[in-house]
Structures are given as structure tokens and as C-alpha cells.
Amino acid sequence: MSAMNWTQYFIPTSKEIPADAAVPSHQLMIRAGLIRQVGAGAYTYLPLGYRSLRKVEAIVRDEMNCAGALELLMPALHPIEWWEKTGRVEAMGDVLLRLHGSGDDWRTRTVLGPTHEEVITEIAKAYINSYKQLPVSLYQIQTKFRGEARPKSGVLRTREFLMKDAYSFHACKEGPGGLDETYQKMYDAYCMIFSRAGIPYIPVEADSGAIGGDASHEFMVPTDAGEDYLVQSEDGTYAANLERAEIHPLEDVGGEATKPLDEVHTPGMTTIDEVSTFLKCQPCGMIKTIIYEVEGEPLVALVRGDHEVNEAKLARAAGVTSVTAAEPDLIKKLTGAEVGFAGPVGLKARMIVDQAVTLMHDAVTGANKTDYHITGVNPGRDFEIKESADVRTAVEGDRAANGSPLVFKKCIEVGHVFKLGTKYSDSMEAKYLDNNGKPQSLIMGCYGIGLNRIMAAAIEAHHDENGITWPMAIAPFEVVICALDMRVDEVTSLSNKLHDEMTAAGIDVLLDDRDARPGFKFKDAELIGFPIRITVGKRGLADGIVEVLLRRSGEVHKITPNEVVAFVTKQIEEAMKNERT
RNA sequence: CGGGGCGUAGCUCAGUCUGGUAGAGCGCAGCGUUCGGGACGCUGAGGUCGCAGGUUCAAAUCCUGUCGCCCCGACCA
């Protein structure tokens, strides 16, 4: 049993708030001596921080094993050919990190893996030949590399991070052994993981994005440091990523066309703000005309001036995989005007009208003529509504499909599960023989968790003005013993004894044996956030007791030294149970 | 990639406008005092002022370029 003494450990705490850290988790992780930045989006986990990360890892591993997944380890170096096969060299662009060698050097043909669908699919292709081998789930906990354009918020968004990625292979979607079954098992395992880690998570419907696939959920942790938004219905029956959230159609509050079309001079006014201010109308009385390009053809989306086009919804409504904003040249050619004056009246292109626009009367929009807008525009009267759909992003005041009001929360994504289908097995020709001896594409699922994000999200969710208030399950140490005066033999000998007894009992305990004043030790203990602090000092010893302080609640228990192990063991057990989310 | 800010000691910063041989606090080392809420005194170590050019008798300071970091936006499997 090796002693865990502070003076032998490596804990560079700091009073100063690091200048580069903007969010609480980042500030606290640096101040508590958990991490140190190496470069943008790259961090060293110092011994204390790594202990915590390893505890997160252990929980993830445990739950994945319980879910029947098998651990393996894939390399970070991938042949670029595999990525070319799935079309993701282009799809991922600069996010895919490449090595640069001279000429046709192996480096030129190698990328650093940002995720492992290609590598795992190749394994499946090589070894899975028969439906009898299915289903199978494989996972790894491994470092990922991504060329993030803008790393930020400490370890919440980095270029290198620890991820658990799991992949499942199936012969069918439904029924025993099917994708749906494993997807649900993984979903449940994720809930267990985040619950055990003590972070407040919300599973939401998600967009599957460029990775492809047909169903997906994200696990979100509400925090101001996040970069996504989720929406929840007030009745609690619906939660989705804002990008994805479906909206109850707006009610038709009546009204009718009262004005004729009228062209107005709006020199140089190309934004909703400028035009609405100039014409003294509300943005919600304007029609925004956004022109996209799909396979060389223009696609026009109409939304209300105070709404934003949701490109994922638009693509779905248009029945295409993705839409891209049109180049200015195409816009000028189509509208016959400079960019900023497009409108639906007389526009000859496929047009998808947002549901909210269909209810508008006497609206203002671009005139397809430079420096002019038109007023008195009425959908249906002045332009035909051939296609109408929900193609906008939800805003405050919208309701969920069931009519319940939506509430918005800023959040960070800590996990994501996808039903991939055959996207990768098709492009990499990973087939098995079914029970008729016919080759079939493997049906796949993939499941990711950001371990560093769990750690940071836990701190975002659990801190106070004095420091971190770790969940017991992932605290670097469960207990710190503050030996208040190292010159007093009774204090040191009892502290050492308690340390040894607790260590023997399997408790993660650190003994603060520094020759420092009490306040100094207390501040450090609070900053680092040991869930339990045991204070051994002359004052208590005179009464034959030590103090046990619970970091979260601030509760103090005065107990005799021989009760400590049993008491602390019980506190840890209860915390592990009660802190579940 | 667009906009903004910043690079001076391990950390937080002053000094830059107005050029004149490098500063403070914290931390660190030594000695002494102190010891239940970030103590105090004395002594001390530590910086090619991000880097490269240029202007000048002289550059942390002015000019040009470049690299890096942070924030907002775009992007985000």
C-alpha cells in the first residue's frame, strides 16, 4: 500500500484566474491543477485530472461491457484510401487531419482518425462473413484528432480528445439481434453512464448530420458554456436538438389581403433590419427569400423575416441530402438583381414556402430589382404556393408538435447514438451471407461519448464560488485528510493512521501533509473539491474527535477516530447512490 | 475563413501613447517568527520583452512581416 501524501504528489493549484479561460470548467480545471494547455485545443491531463478522467473511463467501460460490447483498440493512423471510399475526405474537409510527406510518401496517404467508421467497417468486411456471427458490438476508448477551426472553452471543444466509440453490426433492423434492439441497449447504457457520473443529462432527438443514418439521439448537459441549444416541451414529452426540433404549425389568426403590390425604393438596403427600419414595418411582416443550390439548380426557401431557414429541414422537405447557399452569380442570374433584393413574386425556380409564410398578408419582400422592395405581397395571390413545409428553426414562443410550449436550453453534447444503416457497409462493400446464402450489406449503428466532456460538464454542473463540487463517482480522490499542524505528533500520527486505514478499506484518500497553515489547506481542498474532508487538529483531538466535512452540503460531522472508516464508507456509498442523475 | 483583443518571470499584470540598458504582486529557494480559513519579516534565484527584418547613436516601446493564444461569428462527423 503506497501512501498518498500531498507532498509526494503533484498538484499545482493556483489562486489566480487564468487569463485565457472564459468558462468555469476551464478556469477551475487549471486552478485545481487538473490540466495544462499545450496549444489550442490540446491539453495535458496532470495526475489529479487524469485520475478523474480514468474514473469516467472506468464507468464507461463498465457499462459498455454490461451492454455486451467488446473492447478493442484501433489506430489513430488511417489510410486515406478508406476515407476516399466513403466520400468523407471531401465531406469532412479541414476537420480531417492529414499528414504531409514528400510526394507519394506514406505520410501523404495517411490521416489522423477523427472517428472510426472506416476502420471498423473494414474489420467487419474482413471477418464477418455470415449472419451467424451477428449481431456484434465493438468499442474502443481512444484518442481522436480533428482539425477544429476554433477550439474553445477548455476541454469542451478540442482538436484532440478521448472518445468512446462503439459500433454494432446487424443482419436486420427489427426483432431479436436487430439494430433497434442494440440501439436501445446502448441508449440505456448511456443513461446509466451519465447517471453514474452524476451529470444532469437530457436525451434529445438529433439530426444525424453528415455522418449519415436515419435515427439519432444526442445526450445533452445544460450549461451556459455549451454551444448547442436543445428545446423541450413544457409537458416533458418532447426534447430535441434545436437544429432538429419540429414545430407545431402556427395558427391562422385570419386577416386578408388589403393592399395591392407596390414597388418602393430601398437604396442599398439588403438586410431585414435595414428594410424594416426604413419602411417602418416589423421583421415578422417581411418575407425572407433565401436562394440555395442543389445539384446546379436553384432552390428557393421563403421564411418570415424574423425566422431562420433550417437547412436540414429544407433538405428533407426538398427530398435531397443537403443544400448549399447559392453563389452570388447564381442569385444575380436568377433574380436579375444584386444580392439582397430577392423576392418570390415572379421568381422562376423551385420554391419551398415555410408554413408561417403561408399565413402572411400584405408582406414586404425583395422586388428582384436592385434597390427596390415590394409591399402588399400576399402569398397565393401574388405568387403560387406549390410546396409548403416546416423549413425554419424554432424560436421562443413556438410550440412542440403536440401543442405544448417549447423551452430553450443552452447545452453541451456529451454523447450521440446513431442508426447508421448501410451507409458505410455499402461504400466499403462490407457484406455477409444471409440464411439464403445471399450477400447483404451489414446494418450498422454507431455510438460515441466524449470522455473529456463528461469531466468538464460535471464541473460546469457542479461548482461553487470556492471550487469544484465533484460527484463522488468521478472525483480524483474521494477523501482528503487535512492534518492541521504537522509539528504536533498526535496530529500526524492519527492522520497517517486514518490514511492507512481508509486506503486499506479501498477508499481513495489523499493526506495533506504539507507544512502549511489551516486556511491555506482548506482553500485548496475546496478548490479541488474533494467530496469529503477530514480535519485532524489539536482542537478536535482535545475532545477525542475529528471533523468530517461534506463538500457539497457543507455538513459537518464530529466523530471519533475509530468510527472514521465506517462513517466515510457509508458516506461514499450514499453519495454514489444519491448523486445519480 | 471574417471581426475584435492579447503575446513582458511559472501565474496575474504594469511599462508601449511620448525610444534612453527590465518592473510589481503571487508563486519559488534560504533563515526566523506564525499555525482552525489563502500569515509575516529579512535575504535570494528567475525574463535573448513571441519570432524575423527594418528605422535609430539607442527599440519591450516606432515601422514591416510572421507565428501563437483568447473571444464573437461562420463551420462542426
Side-chain angles (χ1 to χ4, degrees), chain A residues 12-23 26-27 30-31 33 36-43 83 86-97 111-118 144-154 156-159 161 163 165 167 206-213 216 218 225-228 241 243 311-312 322 324-325 412-413 416-418 420 423-424 446-448 450 466-467 482-488 491 512 514-527 533-543 545-547 549 556 558:
Chain A
T13 59
S14 167
K15 261 195 290 203
E16 308 277 6
I17 296 172
D20 279 347
V23 303
H26 192 195
Q27 293 179 354
I30 293 172
R31 288 189 54 213
R36 177 168 174 89
Q37 182 167 20
V38 171
Y43 290 85
W83 285 79
T86 58
R88 289 212 290 177
V89 172
E90 199 186 9
M92 298 202 73
D94 288 341
V95 173
L96 186 63
L97 287 174
V111 303
L112 292 177
T115 171
H116 281 64
E117 282 79 12
E118 280 77 2
K144 299 286 186 268
F145 299 90
R146 293 182 189 181
E148 290 294 350
R150 188 152 98 78
K152 59 173 183 175
S153 306
L156 284 178
R157 189 166 194 80
T158 52
R159 292 190 172 135
F161 55 95
M163 179 169 166
D165 48 323
Y167 307 87
D207 209 62
S208 44
I211 195 169
S216 161
E218 283 169 335
E227 44 192 16
D228 287 322
N241 189 311
E243 294 169 358
E311 295 181 9
S322 72
T324 48
I412 184 82
E413 174 191 353
H416 203 157
V417 292
F418 294 90
L420 283 180
K423 181 180 161 75
Y424 294 92
C446 86
Y447 320 91
N466 294 314
C482 283
L484 285 197
D485 191 336
M486 293 304 290
R487 297 167 311 177
V488 180
V491 170
D512 188 349
R514 293 175 297 175
D515 180 19
R517 295 163 66 91
F520 188 85
K521 293 188 174 194
F522 293 156
K523 287 291 185 190
D524 263 355
E526 278 150 19
L527 175 60
R533 184 184 89 196
I534 296 175
T535 310
V536 180
K538 275 185 297 190
R539 196 183 286 178
L541 283 183
D543 301 331
I545 57 105
V546 297
E547 280 177 17
L549 172 74
V556 179
K558 294 182 193 296

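Throughout, protein chains are lettered first and strands after them, A, B, ... in sequence-line order, and every chain is numbered starting at 1. Predicted, not measured: the structure shown is a model, and the values here were computed from it.
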message: Tell me the interatomic distance from A:Arg514, atom CZ, to B:A39, atom C1', rounded to whole angstroms.
response: 15 Å
- line: Distance col, row A:Asn466:CG vs A:Leu527:CG, nearest 0.5 angstrom, shows 9.0 Å
- prompt: What interatomic distance, in whole Å, is found between C1' of B:A74 and the corresponding atom of B:G38?
  reply: 44 Å
query: To the nearest Å, how far apart are A:Lys538 NZ and B:C35 P?
result: 7 Å
message: Distance check needed: B:U34 P versus A:Leu484 CG, whole Å only.
response: 18 Å
query: A:Thr535 has a side chain; which of B:G36, B:A74, B:G38 sits nearest to it?
result: B:G36
- prompt: What integer number of Å spans the C1' atoms of B:C26 and B:G19?
  reply: 31 Å
- prompt: Taking all atoms of both residues into account, what is the closest heavy-atom pair of A:Val491 and A:Leu484, and its distance?
  reply: CG1-N, 3.9 Å
field: Between B:U61 and B:U18 - C1' atom distance, rounded Å
entry: 10 Å
field: Nucleotide nearest A:Pro518 when distance is taken to its side chain, options B:C35, B:G36, B:C72
entry: B:G36
- request: Mind listing the closest non-hydrogen atom pair of A:Arg533 and A:Ala525 along with its distance?
  value: CD-CB, 4.1 Å
field: Nucleotide forming a Watson-Crick or wobble pair with B:U61, both distances under 3.5 Å
entry: none
message: Among residues at least two apart in sequence or on other chains, which ones pass side-chain hydrogen bond (donor to acceptor under 3.5 Å, both in side chains) with A:Thr13?
response: A:Asp524
query: Is the shortest side-chain N/O distance from A:Arg517 to OP1 or OP2 of B:G38 below 4.0 Å?
result: no
task: Rounded to whole angstrom, note down the C1' distance from B:C31 over to B:C57.
output: 47 Å
field: Residue matched to B:G23 through Watson-Crick or wobble contacts both under 3.5 angstrom
entry: B:C13
- prompt: Checking all strands, does A:Leu96 fall into the base, sugar-phosphate, or nothing category for heavy-atom contacts under 4.0 angstrom?
  reply: nothing
field: Pairwise 5' ranking along RNA chain B for A:Ser153 and A:Val536, keeping only the more 5' one
entry: A:Val536
- request: With C1' as the reference atom in both, quote the distance from B:U48 to B:A60 in angstrom, rounded to an integer.
  value: 12 Å
task: Please state the P separation for the pair B:G15 and B:G73 - nearest whole angstrom.
output: 30 Å
message: Is it true that A:His416 and A:Ser216 share a donor-acceptor pair across their side chains at a distance under 3.5 Å?
response: yes
task: Between B:C69, B:C35, B:U12, spot the one nearest the side chain of A:Ala19, thanks.
output: B:U12
statement: Regarding the side chain of A:Phe522, the nearest nucleotide among B:C35, B:G36, B:C71 is B:G36
- request: Let me know the distance between CG of A:Asp512 and P of B:G38, rounded to the nearest Å.
  value: 15 Å
message: Please give me the minimum heavy-atom distance between A:Asp512 and A:Cys482, naming the atom from each residue.
response: CB-CA, 4.3 Å
Nucleotides 24-26 of chain B: which of its N/O atoms have a protein N/O under 3.5 Å away?
unit_1, atom_1, unit_2, atom_2, d
B:G25, N2, A:Glu16, OE2, 3.0

Pairing nucleotide - B:C40, Watson-Crick or G-U, each distance under 3.5 Å: B:G32
message: Over all strands shown, is A:Asp524 touching base, sugar-phosphate only, or nothing at heavy-atom distances under 4.0 angstrom?
response: base
- prompt: Starting at CG of A:Leu156 and ending at P of B:C70, how long is that distance when rounded to a whole Å?
  reply: 13 Å
query: So what does A:Gly93 touch, heavy atoms closer than 4.0 Å: a base, only the sugar-phosphate, or nothing?
result: nothing
query: For the pair made of CG in A:Asp20 and C1' in B:C13, what is the distance, rounded to whole Å?
result: 13 Å
- request: With C1' as the reference atom in both, quote the distance from B:G53 to B:G10 in angstrom, rounded to an integer.
  value: 31 Å
- line: Exactly one of A:Thr115, A:Val111, A:Leu96, A:Val95 clears side chain to side chain contact (heavy atoms under 4.5 Å, CB included) with A:Arg88, and that residue is A:Thr115
query: Toward the 5' end of RNA chain B, which comes first, A:Glu148 or A:Gly39, by nearest nucleotide?
result: A:Gly39
- request: Grab the CG-C1' distance between A:Leu549 and B:G37 for me, whole Å please.
  value: 12 Å
- prompt: Ignoring hydrogens and angles, does a donor from either the side chain of A:Arg533 or the base of B:G37 sit under 3.5 Å from an acceptor on the other?
  reply: yes
- request: Using both distances under 3.5 Å as the test, list the Watson-Crick or G-U wobble partner of B:G47, or none.
  value: none
- line: Which of B:C69, B:G38, B:C35 is nearest the side chain of A:Lys523? It is B:G38
- prompt: Given atom CZ of A:Arg150 and atom C1' of B:A74, what is their separation to the nearest angstrom?
  reply: 10 Å
- request: May I ask you to decide whether A:Glu227 forms a salt bridge with A:Lys152, counting only side-chain N to carboxylate O separations under 4.0 Å?
  value: yes
field: Cationic N near anionic O, under 4.0 Å, A:Lys558 to A:Asp543
entry: no
message: Working note: A:Thr158 + A:Glu148, criterion side chain to side chain contact (heavy atoms under 4.5 Å, CB included); need CA distance, chi angles, decisive distance, verdict.
response: CA-CA 7 Å; A:Thr158 52; A:Glu148 290 294 350; over 6 Å; no
- prompt: Are any non-hydrogen side-chain atoms of A:Leu420 and A:Glu117 less than 4.5 angstrom apart?
  reply: yes
message: Please classify the nucleic acid contact of A:Lys521 as base, sugar-phosphate, or nothing, using heavy-atom distances under 4.0 Å.
response: nothing
- prompt: If you look at every strand shown and take non-hydrogen atoms under 4.0 Å, does A:Arg31 touch a base, only sugar-phosphate, or nothing?
  reply: base
- prompt: Is A:Asp485 side chain donor-acceptor paired with the B:G36 base, going by distance under 3.5 Å alone?
  reply: no
query: A:Arg36 side chain: which of B:G10, B:C72, B:C35 is closest?
result: B:G10
- line: By the Watson-Crick or G-U definition, both distances under 3.5 Å, B:G7 is matched with B:C67
- prompt: Under 4.0 angstrom, heavy atoms only, what part of the nucleic acid is A:Pro12 near: base, sugar-phosphate, or nothing?
  reply: nothing
Whole-Å P distance, B:U55 and B:G47: 30 Å
Shortest side-chain distance from A:Glu526, nucleotide among B:G36, B:G37, B:C70: B:G37
